[in-house]
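Being a predicted model, the structure only gives us computed values, none of them experimental.
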Amino acid sequence: MQILVRVFEVLFISSLVGVFPLSLAETTSPGVCSEADRAALLAFKAKIVKDTTGILSSWIGRDCCGGDWEGVQCNPAGRVTTLALQGPVKDSSMYMKGTLSSSLGSLPFLQVLVISGMKLITGPIPDSFSKLTRLTQLVLEDNSLQGNIPSGLGLLSHLQTLSLAGNHLKGPVPPSLGNLRNLGMINLGRNSLSGPIPASLKNLHLLQSFDLSFNSLSGFIPEFLGQFRNLTFIDLSNNQLSAHLPISMFNLVSLSYLSLSHNLLTGTIPEQVGNLKSLTSLSLSSNKFIGHIPASISRLQNLWSLNLSRNGFSDPLPDVSNRGIPSLLSIDLSFNNLSLGTVPKWITDRQLSDVNLAGCKLRGSLPRFTRPDSLSSIDLSNNFLTGSISTFFTKMTSLQKVKLSNNLLKFDLSELKVPDGISSIDLHSNQVCGSLSSILNNRTSSFLEVIDVSNNLISGTIPEFSEGLNLKELNIGSNKIAGQIPSSISNLIELERLDVSRNLITGTIPMSLGRLANLHWLDLSINRLTGRIPTSLLGIKFMRHASFRANRLCGEIPQGRPFDIFPASAYAHNLCLCGKPMPPCRGKKQETSQ
C-alpha cells in the first residue's frame, strides 16, 4: 500500500510541474549568476559537512547559472529560481550530512526549492524560508529535519506544493498554513506531529492531495474536508484520530484514494460511501468501526482495493452482484466480527489478485477460486479450515504469498505442490506432518524467501541445503524434528531469521552458522544440543535476538557483542555455560564493567 501512496504522490507532483516556472531556464539563456545568490548557495554548501551524492562537487567556478552547478536553474537576469537536490531514498550510501543554512532564505527569486532524500540533513527548517515569497514548490522530504514547522511558512502565499514528509518534525500543524490558498498538495506525513488538524485549513479550497499520515494527530476528522471538491487523495492513516466519519466527506466525487487506517475512529460506514464514484482505493483498517458493511459499496465502479480489516463489522456481508464493484482486485475483511462459514461467491467467482479473510470463521475445506491464475496473495489464516491441501494450488500460476496458519488443516508435506514463483509460505499451527525434505530440496525455487511450518507434527531431520536458495526466514519450531543442524546451513546466505526451537535436535551447533552475516534472529532453544556455542557466531554483527536456552550446552559463552549482553535467560537451563552474562568460568576472572 505504501508503494501505491507513493505512486499517487509522484503522479500528482508531476502534474504540477507544468505550472511551475521551470521552463524559463530552458527557453531563455540565463544571465551570469548574481554574486549575492552565489554566496547564498555556497553558504548552504558550507553547512553540508559530507556529500556522498557528489552533487555539490559540481558547485565550483563563479557562474552558478551556467548549467554546471547541478540542481540550480536561473532566470535571464542571473537570479536563481530553482534549487532541486534529490537523492535516492532507498540507497543508504547516498546522502548529505549537515544542516539547512538560513542563507537559502536570501534567494529572493527562488520559485522551486526541493531538497529531498538526503537522509542525514538535520536541525530545524530555518525561519528565513518565510522570506521566499515567490516560492511555488517547497519539498523537504526524507531528510532528518527536527523541531517545529515554522509558522512563517504561512507567508508563502504563492505556494502550490508543500511536502515536509519523512522527517522528525514535532509539535502542532501551524494554523498559519491555512493562509496558503493556492496550495494544491500538502504532505506532512511520517513525522511526529501532534494536536488536532487546525480549523484554519478550511481555506485551502484548491487542495487536491492531503497527507498527514504517520503522525500522532488527535481530535476528529474536520467536516470542512467535504468542501474541497478538487480532492483526489486523502491519507490520514496511522494517527490517533477519533469520533465518527464526517458525512460531508462523501460529497467528494473526485476522490480517488482514501486511507484512514490505524486510528481510533468509531461508528458505522454511512450508506453515502456509494457516492464516491471516483474512488479506487479505500482503507479503513484497524479502527473501531461497527455495524454492517453498507450495500452501497457495490456502486463503487472504480474501486480496486478495499481494506476494512481489524474492526468490529458484523454479519451479514452485502449481497454484491456480479456487476457490483467490477474493478475490484484486492479485498481484506480480516479480523472483524464476521462469521462467514464459506467464502462468498462474489469473492471466489471474480478475478482478484489479493484475498485476505483471516479470522472470518471460515469452516470446511479450502475454497475453490474460479480464476486461480490471477491470485497473487491469499490469507485465510485464523479460521477453522480442515482437510487436505493437495489440489488447492492448482493453476495458481501467479501466487507469491500464501498464509494458511492457525487452521485445522491435516496433510503430509509431500502433498504440497506450490507454484514455482511463490515467495512466502506460512502454514504454522495446523496438523501438518511429513518431512522437511519434501519442501526443502534441490528443486526448491530460488524465489522462496519465507517458510513457516512451526507448531505442527513434522518429523524427520533437517535436510542439507543446496546453494542458490534465497531463504530469508526459516521457522520450523515446535515440531518433532530430530537429527543435527547440517553444516550446509551456511548456504542460506540471505537468511535473516532462523527458529528451530522446541524440537528434538541433537549434536553440536555448526561453526558454519557464523557465516550467515545477515542473521538477526536465532532461536535454538529447547532441544538436545551439546558442546559449545561456537565463537564463529561473533562474526554475525547484526544479531538482535538469540536464545540457546534449555539444551545441553557447556563451555564459555562467546565473549563479544551482542552475545555477552543478551539476558542470562537466553542461556539458562544448560549443562555448564559460563562467562558473561552467566557466572564466570572456573579459573577465569570475569572482567567487571567500569
Side-chain angles (χ1 to χ4, degrees), residues 10 13-14 16-89 91 94-145 153 156 158-164 167:
V10 168
I13 292 176
S14 299
L16 287 181
V17 167
V19 302
F20 297 136
L22 294 175
S23 58
L24 275 174
E26 298 167 2
T27 58
T28 309
S29 298
V32 176
C33 176
S34 155
E35 189 57 40
D37 288 2
R38 179 177 176 276
L41 292 173
L42 291 177
F44 164 76
K45 180 180 178 179
K47 289 283 189 177
I48 302 299
V49 296
K50 190 171 185 179
D51 173 24
T52 65
T53 69
I55 292 174
L56 299 183
S57 63
S58 68
W59 288 18
I60 54 177
R62 300 209 60 83
D63 188 5
C64 64
C65 294
D68 294 331
W69 286 40
E70 188 174 345
V72 178
Q73 293 182 10
C74 304
N75 65 16
R79 305 308 299 261
V80 174
T81 58
T82 297
L83 176 59
L85 311 176
Q86 295 177 276
V89 175
D91 186 347
M94 303 282 277
Y95 60 86
M96 288 185 185
K97 185 177 183 180
T99 58
L100 289 181
S101 172
S102 60
S103 67
L104 293 181
S106 301
L107 295 170
F109 289 85
L110 199 63
Q111 297 168 339
V112 176
L113 176 56
V114 178
I115 301 174
S116 66
M118 294 305 176
K119 305 173 189 66
L120 298 181
I121 295 181
T122 61
I125 298 172
D127 289 332
S128 64
F129 282 17
S130 64
K131 297 189 295 182
L132 301 173
T133 54
R134 286 183 169 86
L135 212 59
T136 59
Q137 184 179 8
L138 176 59
V139 179
L140 303 175
E141 295 180 340
D142 297 307
N143 296 294
S144 295
L145 299 171
L153 296 185
L156 307 180
H158 295 289
L159 211 59
Q160 298 174 18
T161 297
L162 174 62
S163 181
L164 309 176
N167 285 287

- Which one of Cys65, Cys33, Cys74, Pro108 satisfies the side-chain contact (heavy atoms from CB on, under 4.5 Å) criterion with Arg79? Pro108
- Below 4.5 Å, heavy atoms only, C-beta onward: do Ser57 and Glu70 meet side chain to side chain? no
- Between Trp59 and Leu42 the two heavy atoms that sit nearest each other are O-CD2, 4.3 Å
- Query: Side-chain contact, heavy-atom cut-off 4.5 Å: Leu100 with Leu140?
  - Reply: yes
- Item | Heavy-atom side-chain proximity of Leu135 to Phe129 below 4.5 angstrom | no
- Query: How far does OG1 of Thr82 sit from CG of Asn75, to the nearest 0.5 angstrom?
  - Reply: 9.5 Å
- Query: If you take all heavy atoms of Leu145 and Thr122, which pair is closest and at what distance?
  - Reply: CD2-O, 3.8 Å
- Message: Quick check for you: to the nearest 0.5 Å, what is the distance between Lys119 atom NZ and Asp91 atom CG?
- Response: 6.5 Å
- Task: Locate the shortest heavy-atom distance separating Leu153 from Leu164; write the atom from each residue and the value.
- Result: CD1-CD1, 4.3 Å
- Task: Kindly give the heavy-atom pair with the smallest separation between Val80 and Cys64, and that separation in Å.
- Result: CG2-SG, 4.1 Å
- OG1 of Thr81 to CZ of Arg134: how many Å apart, nearest 0.5 Å? 11.0 Å
- Message: Does any part of the side chain of Gln73, heavy atoms only, come nearer than 4.5 Å to the side chain of Val112, both counted from C-beta?
- Response: no
- Item | Any donor-acceptor pair under 3.5 Å from Thr53 side chain to Gly87 backbone | no
- Note on the structure: Nearest heavy-atom approach of Leu104 to Ile115 is CD1-CD1, 4.0 Å
- Message: For Asn143, is there any backbone N or O sitting under 3.5 Å from a side-chain donor or acceptor partner on Asn167?
- Response: yes
- Note on the structure: In this structure, CG of Leu107 is separated from CZ of Arg38 (nearest 0.5 Å) by 13.5 Å
- When you look at Thr136 and Leu159, which way does the side chain to side chain contact (heavy atoms under 4.5 Å, CB included) test go after all the steps? CA-CA 4 Å; Thr136 59; Leu159 211 59; 5.6 Å; no
- Message: Please report the interatomic distance OG1(Thr99) to CD1(Ile125), rounded to the nearest 0.5 Å.
- Response: 13.0 Å
- Message: For the CG atom of Leu113 and the CD atom of Gln137, what is their distance to the nearest 0.5 Å?
- Response: 9.0 Å
- Query: Going by heavy atoms in the side chains, are Ile48 and Met118 under 4.5 Å from each other?
  - Reply: no
- Task: May I ask you to check whether over 12 heavy atoms, not counting those of Lys47, lie within 6.0 Å of atom NZ?
- Result: no
- Shortest non-hydrogen pair, Thr52 vs Met94, comes out as OG1-CA, 3.2 Å
